[in-house]
There are 2 protein chains.
Amino acid sequence: MTTATSSRELAHPERGEIRLESVLHALSDPMRMQVVRELAQAEGELSCSFFDLPVTKSTTTHHFRVLRESGVIQQVYRGTAKMNGLRREDLAALFPGLLDSVLDAAARQERRLAGS
Amino acid sequence: MTTATSSRELAHPERGEIRLESVLHALSDPMRMQVVRELAQAEGELSCSFFDLPVTKSTTTHHFRVLRESGVIQQVYRGTAKMNGLRREDLAALFPGLLDSVLDAAARQERRLAGS
DNA sequence: TGCCTCGTACGATACTCACCGTACTACGAG
DNA sequence: CTCGTAGTACGGTGAGTATCGTACGAGGCA
């Protein structure tokens, strides 16, 4: 069996446990927002090491954990890699339109600050 | 002259200085979210003392300052009262749809958690 | 003028958090 | 089995913040 998912488990909040405050808090950090934006563009799963964040590995782990525990992303081990994906469906069910408007707001702000 | 605005000035970020991260951070506190929701419903200005927050006056002052400095609300002195209003236009211009989807998300979560 | 109310300022406290380094684990490849 | 790579765990640090109490200032009212 190739590309088998590891048995290591990661704690995720269920859909009903996701809290708006936690989601907003998770997204209020520029580093985490960047991760979420790239995941949104990728339309698939990305490994942690795909992201080239300007912090150490331990800090990266920390940010991914905040995103996972707030319910913004799901994580699964695949071999030595840990794949990350947006929880689009859960977020859309709980907070329709929220993720999209946040992503749009981030894109607009980036364009605006770039002076374009 | 009645209802004259006091000469005391309050520092507000200009529209172009408002940052998405700061707005999301301001909204990630339940107390501040409650204030913003009531302001949205009121469709006008409310004094700080209108809100019956379960904290002391000094803490209330702190939360209103966070909201003002992040650009979410505007504040103006009117006599001894300090009136608060949402900066709907500025937020809509910078981040279209964001405020509405956040308010909707908060309303949905409240309904959901109330067990309705 | 004096008082009351609304809100501020300031100092203190306890907690959270972003970040680091080091030591460690898990897995796949050779 | 050994090594390299991906990521974790843990402990620590400095900054920010949510909270309080007390003392203060500004404005309206009697």
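Note that the structure is predicted; figures quoted are calculated from it, not measured. In what follows, every chain begins at residue 1, and chains take the letters A, B, ... in the order their sequences are listed.
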Which salt bridge (charged side-chain N to carboxylate O under 4.0 Å, His left out) pairs, counting each pair once, include a residue from residues 32-61 of chain A, with sequence neighbours left out? Arg37(A)-Glu110(A), Glu43(A)-Arg88(A), Glu45(A)-Arg78(A)
Classify every nucleotide of nucleotides 12-18 of chain C by which part a protein heavy atom approaches to under 4.0 Å, writing B for the base, S for the sugar-phosphate alone and - for neither, in 5'-to-3' order. -----SB
Enumerate the side-chain hydrogen bond (donor to acceptor under 3.5 Å, both in side chains) contacts for residues 18-27 of chain A, please, sequence neighbours excluded, ordered by first and then second residue. Glu21(A)-Gln109(B)
Not counting sequence neighbours, which residues clear side-chain hydrogen bond (donor to acceptor under 3.5 Å, both in side chains) with Thr80(B)? List them please. none
Under 3.5 Å, N/O pairs linking protein and nucleotides 3-6 of chain D:
none

Residues forming a side-chain hydrogen bond (donor to acceptor under 3.5 Å, both in side chains) with Ser28(B), sequence neighbours excluded: none
How many whole angstroms separate atom CG of Asn84(B) from atom P of dC6(C)? 14 Å
Listed partners of Arg108(B) passing side-chain contact (heavy atoms from CB on, under 4.5 Å), at least two apart: Pro96(A), Asp104(B), Arg111(B)
In whole angstrom, give the distance that lies between atom OH of Tyr77(A) and atom P of dG28(C). 13 Å
Take the protein atom CZ of Phe64(B) and the nucleotide atom C1' of dA18(D), then report the distance between them rounded to whole Å. 15 Å
Taking salt bridge (charged side-chain N to carboxylate O under 4.0 Å, His left out) as the definition, give me every residue that meets it alongside Arg65(B), ordered by chain and number, with sequence neighbours left out. none
Identify the residue among Val23(B), Ile18(B), Val66(B), Leu99(B) that makes a side-chain contact (heavy atoms from CB on, under 4.5 Å) with Val72(B). Val23(B)
Consider only side-chain heavy atoms of I, L, V, M, F, W and Y, link residues closer than 4.5 Å, and tell whether Leu24(A) and Leu103(B) are in one cluster. yes
Nucleotide N/O of nucleotides 9-11 of chain D paired with protein N/O under 3.5 Å:
none

Using the side-chain contact (heavy atoms from CB on, under 4.5 Å) criterion, which residues pair with Gln74(B)? Sequence neighbours excluded. His12(B), Arg87(B)
In this structure, how many angstroms lie between the C1' atom of dT8(C) and the CZ atom of Arg68(B), rounded? 11 Å
Ile73(B) CD1 to dG7(C) P: how many Å, rounded? 12 Å
In this structure, how many angstroms lie between the C1' atom of dG27(D) and the CE atom of Met83(B), rounded? 15 Å
side-chain contact (heavy atoms from CB on, under 4.5 Å) involving Leu39(A) - partner list, sequence neighbours excluded: Val35(A), Leu46(A), Phe51(A), Ile73(A), Asn84(A), Leu86(A)
State which residues pass side-chain contact (heavy atoms from CB on, under 4.5 Å) with Gln41(A); sequence neighbours excluded, sorted by chain then number. none
Glu9(B) CD - dT8(C) P separation (whole Å): 15 Å
